Number of protein chains: 2
Amino acid sequence: MSSLELPLASTPCERADAARNRQRILAAAGRLFARDGVACTSMDAIAAEAGVGKGTLFRRFGDRASLALALLDASSSAFQENFIRGPAPLGPGALPCERLIAFGHGLLEHVADNGDLILASERPSISGGRLHAGPYAAYRTHVMLLIAEAAPDLDADYLADVLLAPLTAELVLHQLKERQMPLERLAGGWEKMVHRLLNAGVRVDDP
Amino acid sequence: MSSLELPLASTPCERADAARNRQRILAAAGRLFARDGVACTSMDAIAAEAGVGKGTLFRRFGDRASLALALLDASSSAFQENFIRGPAPLGPGALPCERLIAFGHGLLEHVADNGDLILASERPSISGGRLHAGPYAAYRTHVMLLIAEAAPDLDADYLADVLLAPLTAELVLHQLKERQMPLERLAGGWEKMVHRLLNAGVRVDDP
DNA sequence: AACACAAACGGACCGTAGTCCCGTTGCAGG
DNA sequence: CCTGCAACGGGACTACGGTCCGTTTGTGTT
């Protein structure tokens, strides 16, 4: 645990056939997910479509959730880059409260765009999977720092979990699809909620 | 469709062997869940322990989640009864904000007591399972009414989901077990959060 | 008591996620 | 170019949730 070596980083050259197969698998998974939907695509089908054996698929990606995570990596990293180093109000430069609101808007959009894939990446066999793997830790740290900056009297460590909870893919997709709430309503509700929570005692101008 | 006869309504009494087997199955499941843990108990094992076939098990309870729900029914119904008709501050009689805080405390306790079972009942194959089945709808309606009463200018329909999200079994168990947050901290954080959200502009006395 | 029939029973069966092991192959060193 | 070996490949295998269907059994009727 202490001497954790990143396997990808420590193997400068992945064997050529392995790299080729990884690409094939990612491409095949993307194709099938787009064609049949994430939920209706089995790992067998992905392996077949990629022209590799099942063993290879699981050797490369460990499990279904990690494969979904790998497919999400690009857009997920872009979002992280934006809220860490991007332009205000999402990135540095704006007030913490405004950044937090922008973060919620960005995450809502990210979930609306990549919902099914995120859901698949959050559904591992072990309990509390999404809280361990994936970008949750990064989101959490970011939100915690913003809360601590905006309202030092609050329990930022706890509130970070609280504020991330309503942005969960399962809930957001349910609100969008089953409950037919438009994305703008979720964004507006989030904005007002964050304002009231962080600026308690300060009158918020509602337009 | 017009001359539809309800088959269930015409069979007031369940057949004796069916009732006997239901009891056997519930008892066996309770025993194995207690002995080996919910996550490590297979449906096959429950059927064997109950001395019935697998078909019978699934005929009675539909799927794993519903079986967990049936085992939860007693304590879950008791909690519902309490916040609907029980004594204040959980039941009627207190201010909506106080009732909402008490509701959160009650639900946190319920989750802390029955976490693994709730988790099993929330993990069906279909997406967003916990939002469709189980007591979520009742919780949601209750919370929505309290919000609407306490702060009519808020989007109670949306905020009900938001406030229930941090009380999810997955998150609460993670906070309690992995993050080692004591239950009192979650309760305190919830209380302060609800106060700030519903009483924005009103100074809350912090002891 | 005998009967008829719906309901319940139970285990064979299926699809899927994930594991394992052995034959194969790319790659470095001689 | 040849060789050794560690990593890779692939499919047979397991465990599990869930379904199906031929058989049994409880129950109301005559």
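Just so we're clear, the structure is a prediction, and the values are computed from it rather than from any experiment. In what follows, every chain begins at residue 1, and chains take the letters A, B, ... in the order their sequences are listed.
One finds a salt bridge joining B:Arg196 and A:Asp153 here, because a Lys/Arg side-chain nitrogen approaches an Asp/Glu carboxylate oxygen to under 4.0 Å. With respect to the salt-bridge test (charged N to carboxylate O, under 4.0 angstrom), the residues B:Arg130 and A:Glu170 qualify.
Taking atom CZ of residue A:Arg60 and atom P of nucleotide C:dG18, one finds them 17 Å apart after rounding to whole Å. Distance B:Ile46 CD1 to D:dG17 P: 8 Å, rounded to the nearest Å. Whole-Å rounding puts the A:Arg24 CZ to D:dG9 C1' distance at 12 Å. Atom CG in A:Asp63 sits roughly 14 Å away from atom C1' in C:dT16 (whole-Å rounding). One atom, CG of A:Leu57, and another, P of D:dC8, lie 15 Å apart when rounded to the nearest Å. Between A:Gln23 atom CD and D:dG9 atom P the separation is 13 Å, expressed in whole Å.
Between A:Asn21 and the phosphate of D:dC8, there is no side-chain N or O to OP1/OP2 separation shorter than 4.0 Å.
B:Leu198 pairs with exactly one of B:Ile101, B:Leu159, B:Leu154 by the side chain to side chain contact (heavy atoms under 4.5 Å, CB included) rule, that one being B:Leu154.
Side-chain atoms of B:Arg15 and base atoms of D:dT27 include no donor and acceptor less than 3.5 Å apart. Between the base of C:dA17 and the side chain of A:Lys54 there is a donor-acceptor pair shorter than 3.5 Å.
Both A:Thr41 and B:Gly55 sit near DNA chain C, but only B:Gly55 has its closest nucleotide nearer the 5' end. Checking A:Arg59 against A:Met43, the closest nucleotide of DNA chain C that is more toward the 5' end is the one next to A:Met43. For B:Arg20 and B:Arg64, each mapped to the nucleotide of DNA chain D holding its nearest heavy atom, the one lying further toward the 5' end belongs to B:Arg64. In terms of position along DNA chain D, the nucleotide closest to B:Gly62 lies nearer the 5' end than the nucleotide closest to the other residue of the pair B:Asp17 and B:Gly62.
One finds the CZ atom of A:Phe61 at 7.5 Å from the CG atom of A:Leu71 (value rounded to the nearest 0.5 Å).
Side-chain proximity of B:Thr56 to D:dT27, C:dT19, C:dC9: nearest is C:dC9. Looking at the side chain of B:Phe58, the nearest of the listed nucleotides D:dG18, D:dC16, C:dA17 is D:dG18.
With hydrogens and angles left out, the side-chain atoms of B:Asp63 and B:Ser66 include a donor and acceptor closer than 3.5 Å.
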